[in-house]
Amino acid sequence: MSQLRTRFAPSPTGYLHIGGLRTALYSYLYAKKNNGKFILRIEDTDQGRYVEGAVEIIYRTLHETGLLYDEGPDVGGDYGPYIQSQRANEYMYYAKKLVESGHAYYCFCSEERLESLPAVNGARRYDKHCLHLSKEEVDRRIKSGEKFVIRQNMPTEGSTTYHDAVYGDITIENSELEDQILIKSDGMPTYNFANVIDDHLMGINCVMRGIEYLSSTPKYNLLYDAFGWERPMYIHMPPIMKDAQHKLSKRNGDASYEDLVKKGFLKDAIINYIALLGWSPKDDSEKMSFDELLAKFDIAGINKSPSIFDPVKLAWLNSLYIKEMTPEAFAEYAAPWLENCYLKDFDKTLVCKLIQSRIETFGEIEDKLRFLVEFPPFDSSLYDNQKQKTNADTAREILPLVKEKFAQVEVWDNQHLYDALIALATEQGVKNGKVLWPARIALTGLAATPGGASEIAELLGKKETLRRLDECLSRL
């Protein structure tokens, strides 16, 4: 094989879905691992589904995630144009060549006739009604302005076999292949035709795509054979599932890259997780940098079984990346979340220090720290802690002493506040937890918080800390 050339050919129909991004990622990794080229092509022949701004989303996502293509609409290349709608003349030219060789034909059937065809297993199959029209009749009907499509003339006997790098040899009975439309009545090609023509003309010799195209590939191979072109290498990938029964789907509003970013997931974590949806490295490692992915990627690791998109695992992986960030990088990334809520009024350095090791996504920041501005009444049973041997009665005894200690603290920071609480425990001859637990409950009204009593007190400030202690004592 000459230099490996893979491609990512999305349709501009909205946000870049997770499944599409995985296709781009695998295509990029496989090309770069083999010193090949990765090409971006925009497949916009279905103008009815075109979404304004979607092309820019594709460009932006690929650039942000580091999937830099060697050729594409906005970077150029020797095989352009890289937008299908700008290649329309080529498709008609090749469709006519197929007509001339008998591998395609003009079809003038009306919608009414097509709808009258009998359904087989719930689907109507075209019956080759126009296959044997004479050239003269075809010319006459075209000149008279009749609408037409061009259909592929499928064989009706025998079978078609091809090899897939993941699923092995695939054989389809030709009798199952319908005479698919190659050129639509508006003169535009269908996806099934355009992708074959473009892949050949752009020198694409390795096609990576979802398993949904596994049974369609024989149609494409018959086109390659009709032209006398070499078939590409095929690598089909397992589906990404929402659960055991349902595929992850852009049409159903499921995860897109930009959705995940808005929810507070980091780019590196998203790419890392997407790589694991259908592939695993030989060493079974899970957390991998982009460079590690590139080094470890091998198509032998692509699975045949479906992968389930697990938000819990993605969040766990994201938390590992968050913990590794420098305080400065974390603060910079967290800034939009802090500015868009009440937290902008707090010391951002202290907020980031408190929260960085205790969140899985940046989107959690506001809710996890809501107790800083909201302090509703809470059940005194929160003071109950069997391990620390605390309850409402012990809290009633210890909290006045906590308030007294805090009131004496001159340097209001975590270390001095913590030292004051530990000193109190020593003075009372009790374990630290018997002081720390009720103090934290009294300042937050929550059983679980990001940080201990002294860290939270530092953020709240002296005035608010003492006020909350007073309020809790009055409730007790």
Side-chain angles (χ1 to χ4, degrees), residues 315-316 319 322-323 327 330 341-343 345-361 364-476:
W316 165 78
S319 71
I322 287 177
K323 289 180 177 69
F330 179 85
C341 66
Y342 58 84
L343 289 168
D345 300 323
F346 287 83
D347 185 317
K348 294 181 180 60
T349 302
L350 292 180
V351 170
C352 291
K353 184 179 178 182
L354 179 69
I355 205 74
Q356 180 173 356
S357 64
R358 298 178 171 105
I359 58 170
E360 292 188 321
T361 71
E364 297 173 17
I365 292 176
E366 183 176 353
D367 282 341
K368 277 194 178 289
L369 295 180
R370 192 172 298 281
F371 68 87
L372 293 174
V373 292
E374 296 180 4
F375 192 60
F378 58 90
D379 195 303
S380 61
S381 64
L382 281 177
Y383 290 113
D384 297 347
N385 187 307
Q386 190 173 2
K387 181 181 179 182
Q388 307 299 345
K389 296 181 179 179
T390 63
N391 53 37
D393 292 333
T394 58
R396 193 178 293 111
E397 296 172 5
I398 208 73
L399 288 180
L401 302 177
V402 171
K403 181 191 172 188
E404 184 180 332
K405 276 290 185 184
F406 275 177
Q408 296 170 1
V409 173
E410 295 182 1
V411 180
W412 196 263
D413 63 20
N414 176 48
Q415 189 60 56
H416 287 83
L417 292 165
Y418 181 76
D419 290 345
L421 293 173
I422 299 305
L424 175 59
T426 302
E427 293 167 8
Q428 296 299 309
V430 298
K431 291 183 177 180
N432 294 343
K434 202 159 188 176
V435 173
L436 297 176
W437 180 269
R440 184 175 63 80
I441 297 298
L443 294 180
T444 65
L446 299 171
T449 55
S454 56
E455 293 172 289
I456 290 164
E458 180 182 25
L459 253 179
L460 287 171
K462 190 168 188 176
K463 182 179 179 181
E464 176 63 11
T465 295
L466 298 179
R467 187 194 74 77
R468 289 192 178 194
L469 287 169
D470 274 336
E471 187 172 329
C472 285
L473 283 167
S474 66
R475 293 175 186 170
L476 284 168

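As the structure is a computational prediction, the values presented were derived from the model and not from experiment.
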Nearest-0.5 Å distance that lies between atom [atom1] in [X] and atom [atom2] in [Y]:
| X | Y | atom1 | atom2 | result |
| --- | --- | --- | --- | --- |
| Asn385 | Leu436 | CG | CG | 11.0 Å |
| Asp347 | Leu354 | CG | CG | 11.0 Å |
| Leu417 | Lys462 | CG | NZ | 9.0 Å |
| Leu473 | Lys403 | CG | NZ | 7.5 Å |
| Leu476 | Glu471 | CG | CD | 11.0 Å |
| Leu446 | Lys368 | CG | NZ | 10.5 Å |

Worksheet item: Under a 4.0 Å N-O cut-off, is there an ion pair linking Asp470 with Arg467?
Response: no
State, to 0.1 Å, how close [X] and [Y] come at their nearest heavy-atom pair, and which atoms those are.
| X | Y | result |
| --- | --- | --- |
| Leu443 | Ala453 | CD1-O, 3.6 Å |
| Ala439 | Val402 | CB-CG1, 4.3 Å |
| Pro400 | Ala395 | CD-O, 4.2 Å |
| Leu382 | Gly445 | CD1-O, 3.3 Å |
| Pro438 | Gly433 | CD-O, 3.8 Å |
| Ala457 | Thr465 | O-OG1, 3.4 Å |

Item to complete: Provide the full list of ring-ring contact (aromatic ring centres under 6.0 Å, His included) pairs with a residue in residues 402-456, sequence neighbours left out, each pair given once.
Response: Phe406-Trp412
Practice prompt. Report the C-alpha distance between Ser357 and Phe330 in whole Å, list the side-chain angles of each, state the deciding distance to 0.1 Å, and finish with yes or no for side-chain contact (heavy atoms from CB on, under 4.5 Å).
Written response: CA-CA 10 Å; Ser357 64; Phe330 179 85; over 6 Å; no
Worksheet, complete the sentence: The complete set of salt bridge (charged side-chain N to carboxylate O under 4.0 Å, His left out) pairs with one or both residues in residues 377-392, sequence neighbours excluded, reads none
Discussion item. So for atom CD, which belongs to Gln386, do other residues, nucleotides or ligands contribute more than 12 heavy atoms lying within a distance under 6.0 Å?
Written reply: no
Show me, pair by pair, the donor-acceptor contacts under 3.5 angstrom made by side chains of residues 421-432, not counting sequence neighbours?
{"from": "Thr426", "atom 1": "OG1", "to": "Ile422", "atom 2": "O", "distance (Å)": "3.0"}
{"from": "Glu427", "atom 1": "OE2", "to": "Lys405", "atom 2": "NZ", "distance (Å)": "2.7"}

Practice prompt. Kindly indicate whether a cation-pi arrangement holds for Arg468 with Phe371, taking the cut-offs as under 6.0 Å to the six-membered ring centre and within 45° of the axis.
Written response: no
Discussion item. Applying the side-chain contact (heavy atoms from CB on, under 4.5 Å) criterion to Pro450, which one of Ile359, Ile456, Ile355, Ile365 satisfies it?
Written reply: Ile355
Discussion item. Please evaluate residues Glu455 and Arg358 with respect to the criterion salt bridge (charged side-chain N to carboxylate O under 4.0 Å, His left out), reporting the C-alpha separation (whole Å), side-chain torsions for both, the decisive distance (0.1 Å), and the verdict.
Written reply: CA-CA 13 Å; Glu455 293 172 289; Arg358 298 178 171 105; 3.4 Å; yes
Worksheet item: Considering only heavy atoms from C-beta outward, does the side chain of Arg475 approach that of Pro377 to under 4.5 Å?
Response: yes
Worksheet item: Step by step, would you call Ile398 with Tyr383 a side-chain contact (heavy atoms from CB on, under 4.5 Å)?
Response: CA-CA 11 Å; Ile398 208 73; Tyr383 290 113; over 6 Å; no
